[in-house]
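Data first, discussion second: the structure below is written as structure tokens.
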Amino acid sequence: MTELREGQGAGRMVLISGPSGCGKSTIIQRLLSSPGVEFSVSATTRLMREGEVDGVDYHFLSKGEFRTKVEEGAFIEWAEVYGNLYGTLRAPMEAAIDAGRVFLVEIDVQGALQLRALGEDGVFVFIAPPSFEELQKRLVGRGTEGPEVVERRLKKAEDEYRERVKYDHVVVNDDLDKAVAEVRSLAGIAEEKS
Ligand code: ADP
Ligand code: 5GP
């Protein structure tokens, strides 16, 4: 669990992993409307999807730009995921935690376990699909990847699922409202005032 450093508010990093299509982005989007919650905008070399905004969903970089950031030590972790590079930027994470905010990091399993091995403080949450059949349905239904990519992501999902035991918490995303409420509670995010 997160410890408070001297002079710090109750800021914390909350890492959210799980197989592609399990609902990580959907859950995170719902939590972002609460005050004091910030999303970690990762850098990536993958192509922008329709509807995505540079600097909001990701910082979209060329491979060269990404490598420069690696050399500068700008990432707390980075990894190759499905053939593209992704990295979590250090500076916004430190600023958010120092400001007492909850910093939500969407990260693949290898990245999260890298941070765990480094002893990085945070709440590690694994989002699991209710079943692999349902995961396939969601991935296909999202319609952002072709059949080959979906197939590759489903194969990887089985390996990722085995790693769930290394997380602090596993949340099954069957009923979305319930899953959001569970993650909210684990992350220590206050209920939204209506
Ligand atoms: P991820 O970010 O983990 O890859 P997404 O958040 O993009 O996954 O969700 C994949 C698809 O599943 C989306 O179309 C989303 O609307 C849908 N989805 C997410 N959570 C649920 C849920 N609890 N029940 C049904 N569909 C869901
Ligand atoms: P997508 O391209 O579908 O947005 O994300 C693909 C995968 O990359 C997801 O598993 C997501 O969690 C992971 N990912 C996104 N940002 C980062 C990051 O900064 N670091 C790591 N290691 N993985 C990330």
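Atoms within each ligand, like the ligands themselves, are counted from 1 in listed order. Hydrogens, waters and symmetry mates are skipped; everything else that's a heavy atom, side chains included, is used. What you see is a predicted model; the values in this text were computed from it and never measured.
Among all non-hydrogen protein atoms, the one lying nearest atom 26 (N) of ligand 1 is R138 NE, 3.5 Å. Considering only non-hydrogen protein atoms, atom 11 (C) of ligand 2 sits nearest to E106 OE2, 3.8 Å. Nearest protein neighbour of atom 2 (O) of ligand 1, counting heavy atoms only, is S25 OG, 2.7 Å. Here the protein heavy atom with the shortest distance to atom 8 (O) of ligand 1 is G23 N, 3.1 Å.
With respect to D57 and R49, no salt bridge is recorded, no charged nitrogen being found less than 4.0 Å from a carboxylate O.
Counting the atoms of ligand 1 from 1 in the order shown, those under 4.0 Å from a heavy atom of K24 are 1 (P), 2 (O), 3 (O), 4 (O), 6 (O), 8 (O). For ligand 2, the atoms sitting less than 4.0 Å from at least one non-hydrogen atom of G111 are 22 (N), numbered in the order shown with element in parentheses. Close approach of ligand 2 to S42 is summarised as follows: ligand atoms under 4.0 Å from at least one heavy atom of the residue are 16 (N), 17 (C), 18 (C), 19 (O). The ligand atoms of ligand 2 that sit less than 4.0 angstrom from a heavy atom of A79 are 22 (N). With ligand atoms numbered from 1 in the order given, ligand 1 contributes 4 (O) to contacts under 4.0 Å with heavy atoms of S20.
Only side-chain heavy atoms of Y58 come within less than 4.0 Å of ligand 2; its backbone N, CA, C and O stay farther off. Under 4.0 angstrom from ligand 2, the non-hydrogen atoms of R153 all belong to its side chain. Of the heavy atoms in Q110, none comes closer than 4.0 Å to ligand 2. Residue V81 touches ligand 2 through its side chain alone, judged by heavy-atom distances below 4.0 Å. Residue contacts with ligand 2 for R46 involve side-chain atoms from C-beta outward but no N, CA, C or O (heavy atoms, distance under 4.0 Å). The residue H59 has no part lying near ligand 2, judged by heavy-atom distances below 4.0 Å.
Checked options R152, E160, R142, K156; the residue passing with S20 is R142 (criterion: side-chain contact (heavy atoms from CB on, under 4.5 Å)).
Side-chain atoms of T45 never come within 3.5 Å of backbone atoms of N84 as a donor-acceptor pair (strictly under, hydrogens ignored). In this structure a side-chain-to-backbone donor-acceptor pair under 3.5 Å is missing from D174 to P130.
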Got a list of side-chain donor-acceptor pairs under 3.5 Å for residues 64-72, not counting sequence neighbours?
{"unit_1": "E65", "atom_1": "OE1", "unit_2": "S62", "atom_2": "N", "d": "2.8"}
{"unit_1": "E65", "atom_1": "OE1", "unit_2": "S62", "atom_2": "OG", "d": "3.4"}
{"unit_1": "T68", "atom_1": "OG1", "unit_2": "G64", "atom_2": "O", "d": "3.0"}

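Compare N173, T26, D177 by their heavy atoms: the one nearest to atom 20 (N) of ligand 1 is in N173. Selection from L115, D108, I16 by nearest heavy atom to atom 21 (C) of ligand 2 gives D108.
Checked by distance only, ligand 2 and K24 stay at 3.5 Å or farther apart across all their nitrogen or oxygen atoms. Considering backbone and side-chain atoms together, G87 places an N or O closer than 3.5 Å to an N or O of ligand 2. For ligand 2, none of its N or O atoms has an N or O atom of S20 under 3.5 Å away. The shortest N or O to N or O distance between W78 and ligand 2 is not under 3.5 Å. For ligand 2, one of its N or O atoms has an N or O atom of T88 under 3.5 Å away.
Between F39 and F103, the gap from one ring centroid to the other reaches at least 6.0 Å.
Residue contacts with ligand 1 include C22, since one of its heavy atoms falls under 4.0 Å from the ligand. For the pair D174 and ligand 1, a heavy-atom separation below 4.0 Å is found.
Under a hydrophobic clustering in which Ile, Leu, Val, Met, Phe, Trp and Tyr are joined whenever their side-chain heavy atoms come within less than 4.5 Å, directly or via other members, V109 and L139 fall into the same cluster.
Relative to the ring axis of Y161, R164 places its NZ or CZ within 45° and under 6.0 Å from the centre. Geometrically, R46 does not engage Y82 in a cation-pi contact defined by less than 6.0 Å to the ring centre and at most 45° from the axis.
At a threshold of 4.5 Å between non-hydrogen side-chain atoms, the residues V102 and E38 do not count as touching.
Nearest approach of W78 to L85, heavy atoms of both residues: CZ3-CD2, 3.9 Å. Of all heavy-atom pairs spanning R184 and R30, the tightest one is NH2-O, 4.4 Å.
Enclosure of atom CG in L47 is not indicated, since only 12 or fewer non-hydrogen atoms of other residues, nucleotides or ligands lie within 6.0 angstrom.
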